[in-house]
Structure formats: structure tokens, C-alpha cells
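First the structure, in the form of C-alpha cells, and then the observations on it.
Within every chain, numbering begins at 1; the chains are lettered A, B, ... in the order of the sequence lines, protein sequences first and strands thereafter.
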Protein chains: 2
Amino acid sequence: MLSHKAKYALKALLYLAEQDENHISRTVEIAEGANIPKKFLEQILLDLKRGRFVSSKQGKFGGYYLIKSKNDITLAEIHRLFDGAIALLPCASLNFYEPCSDCKTESECSLRHGLMLIRDKTLKAMEGITIASLVKK
Amino acid sequence: MLSHKAKYALKALLYLAEQDENHISRTVEIAEGANIPKKFLEQILLDLKRGRFVSSKQGKFGGYYLIKSKNDITLAEIHRLFDGAIALLPCASLNFYEPCSDCKTESECSLRHGLMLIRDKTLKAMEGITIASLVKK
DNA sequence: ATTAATTCTATCGATTTACTAGACTTTAGA
DNA sequence: TCTAAAGTCTAGTAAATCGATAGAATTAAT
């Protein structure tokens, strides 16, 4: 399941993608437009900025805007940024790999292979969902 | 990600599936064989029993055994039993549906459709992974 | 009756989650 | 240069969840 953070991030990106080119959106505007607690959204937007999905202008008349094409922002990326691994166990993960501590045969646990199959399919599906694909609904 | 409970459940089922027909396995035997904390495993086996994957014999010489074919126990079922919904949000879930509280257009949130696509693909993949498919590795 | 097993209920510490609070910094414009 | 309006940063917090443990109760074979 997605955390609220990830869900709000998607909704915020969706909001930004729906604005006119060159429009800058204030946090409060996004918060109200997408129904997200404002103070919580502040943190999320900072995370999105660190992830280079959006950028910001400070000071009066400042706000946020997309710096990545809505066609290039995928669900997979947002999931990883906020919720981490897409695989079902760390030992089956590409980006968040960790060996499992409780496997007797250290190199290969009994579940790893099957979970890697799942990961590949899920990842492929998640990479197919972009902000752009969500906007045109 | 899978919880430890779900992971241990899979490993316990795998252990049971590898035993001879008619063999009854004590909790402690499974715990040692699959490297799972015994007291924790007790709870998990009870859950698996309530889910009708295994059954038990009480008292001396008691223990656990599979009552469902290893070909018919899927990752999807175990995920649902221990970790709940497979969909990324409750509003996109088949078995754990709940409307999202923060969506303005109540019937359809902007993410729902895309997340249902993901759910269908993930579910299909997870239904393809059975205990039997994990055993023969 | 004894022993060995499952079953049930409760609890616990640590971590995570979903926020909130408030001080600080930056910028535009009067 | 002052002020209002914006983002930035660091903490904190209440509630829930997770991973596990404890111990008493029950059941069954000998």
C-alpha cells in the first residue's frame, strides 16, 4: 500500500501538471486544490524538490512548479522516493537490496526467486503509469 | 513489502510442503527448520489455520499439516491474510475496498483508475506464485 | 497422573506514520 | 528599508503498527 505521503505527492504532482505552463503554484493553493494538509504538504514538496521532480521560487509570489515532464514522472519513482522498495522483500529488491538475516542458505533464500518475478512485473506496470497518464482521465 | 509475518508464513508453508505426506510437524520443528522465532510462529500457524491453509492435531504428538494443495496456495492469498490489500490504495482494492476520505469527487479519485491497472497486473503475477512453484527450486 | 503438544490472551518496546508547531530565510514591492 | 508573503528547516507528538515474548489454559497420548 502507498503511504499518505506518496499518495499526496502524486496528487500534488497531478495538480501541478494540470496548471498552465509557467504557472507557479503556492503550497496553500495545491493543498486546497488537492485536499492535502498544508503543513504536511510542505514536507512532501521539499522531498519532491530534493528528488528533482519540482523546483521552487522562494519569497513573495513564490511557489512550486514541475521541472520534469509529466510523461517522465512514473509511479515507480514516486513509490521509491516515499515508500522505498517495490519488491516484496529486501533480498529481491534492485534499489534497496539487503540480504535477509533469517535465511540459512545465505546467498539464495527460498522466496527470493519468486519475489523477483513479481518485482519485475510490478515494476514494469508501475513504470507505465505516469503523471500524464493520470491527468488525462 | 511483506511483513515478517507473511514472510514467515510462506517459509512455514514451504517447510510443510516439503515434508512427507501424512507427516505432522511440531511448531518447534518448523521454527528450527525454517529459522523462525518459535513463539511468533505459533501465532502465524494459528492464523494459517483460521485461513484454512493448515490444520492441527492437539496434544502429545500433535502438530501442523497442510490441508490445502501446495499448488493452490498462492502468494496473493498469503499476502491478503497477513498484510491485507494488494492494491496500492484502499479505493483501488477488490477485497479491502474503502473510499478515500480526501477525494473531492467522491466516486472517482484521480489515482484510482491507474492503481486498479497496477492491482490487476500485480494480482495476476501473485496468483502465479504458489507454494509448489517455490518448492521446486 | 504425567508429559508434550497446541491455543489463547495479554503485554511490551521500538519504530513508523501522519501530522503540527514554530522559528528562520528569502523575495517583491511600497 | 520595511513589511508581507512566500518557502525552508528542525522538532515534537499522539496513535498505530510491528515483531516478538510470557505465561496460563487446554488437549491428547501413554
(request) Scan L75(B), I86(B), T74(B) and name whichever one has a side-chain contact (heavy atoms from CB on, under 4.5 Å) with L123(B). (result) I86(B)

(message) At less than 4.0 Å, is any side-chain N or O atom of R50(A) found next to OP1 or OP2 of dC9(D)? Yes or no.
(response) yes

(message) Treating E42(A) as the side-chain partner and K38(A) as the backbone partner, does any N or O pair qualify as donor plus acceptor under 3.5 Å?
(response) no

(request) Figure out the CG/C1' separation between L2(B) and dT17(D), and round it to whole Å. (result) 16 Å

(message) Looking at the base of dG19(D), is there any donor atom on it, or on the side chain of K7(B), that sits under 3.5 Å from an acceptor on the other one?
(response) no

(request) By nearest nucleotide on DNA chain C, pick out whichever of Y64(B) and Y8(A) is the more 5' one. (result) Y64(B)

(message) Using side-chain heavy atoms (C-beta onward) and a distance below 4.5 Å, is F40(A) in contact with K5(A)?
(response) yes

(request) Report the nucleotide, chosen from dT20(C), dT27(C), dA5(C), that has the shortest atom-to-atom distance to any side-chain atom of Q58(A). (result) dT27(C)

(message) Judged by each residue's nearest nucleotide on DNA chain D, which is more toward the 5′ side, D83(B) or E42(B)?
(response) D83(B)

(message) Tell me the interatomic distance from E29(B), atom CD, to dA4(C), atom P, rounded to whole angstroms.
(response) 16 Å

(request) Grab the CG-P distance between L46(B) and dT27(D) for me, whole Å please. (result) 14 Å

(message) Go nucleotide by nucleotide along DNA chain C from the 5' end; which of K57(A) and H4(A) gets its closest nucleotide reached first?
(response) H4(A)

(request) Look at all strands and tell whether K49(B) reaches a base, only sugar-phosphate, or nothing, counting heavy atoms closer than 4.0 Å. (result) sugar-phosphate

(message) Considering every strand and a 4.0 Å limit on heavy-atom distances, what is the contact class for G62(A): base, sugar-phosphate, or nothing?
(response) sugar-phosphate

(message) Applying the side-chain contact (heavy atoms from CB on, under 4.5 Å) criterion to I73(A), which one of I131(A), L10(A), L14(A) satisfies it?
(response) I131(A)

(message) Side chain of F40(A) only, heavy atoms from C-beta on: which candidate in dT8(D), dT20(C), dA4(C) is closest?
(response) dT20(C)

(message) Regarding dG19(D), can its base be found pairing with the side chain of K39(B) as donor and acceptor, where the two atoms are less than 3.5 Å apart?
(response) no

(message) Nearest to the K60(B) side chain among dA6(D), dA4(C), dT21(D), which nucleotide is it?
(response) dA4(C)

(request) To the nearest Å, give me how far apart CG (L41(B)) and C1' (dT21(D)) are. (result) 14 Å

(message) Any non-hydrogen side-chain atom of F82(A) less than 4.5 Å from a side-chain atom of H79(A)?
(response) no

(message) Tell me if the side-chain of Q43(B) makes a donor-acceptor pair with the base of dT21(D), cut-off 3.5 Å, by modelled atom types.
(response) yes

(request) For residues M126(B) and I78(B), determine if any side-chain heavy atom of one lies less than 4.5 Å from a side-chain heavy atom of the other. (result) no

(message) Output the rounded distance in Å from CE (M1(B)) to P (dT17(D)).
(response) 19 Å

(request) Choose from dA5(C), dT7(C), dG7(D) the nucleotide whose nearest atom is closest to any side-chain atom of T27(A). (result) dG7(D)

(request) For F61(A), answer base if it contacts any base atom (sugar-phosphate contacts may also be present), sugar-phosphate if it contacts only those atoms, and nothing otherwise; contact means non-hydrogen atoms under 4.0 Å. (result) sugar-phosphate

(request) Find the distance I36(B):CD1 to dA20(D):P and express it as a whole number of Å. (result) 10 Å

(request) Rounded to the nearest angstrom, tell me the gap between atom CD1 in I24(A) and atom C1' in dA28(C). (result) 13 Å

(request) Quickly work out the L45(A) CG to dA6(D) P distance and round it to whole Å. (result) 14 Å

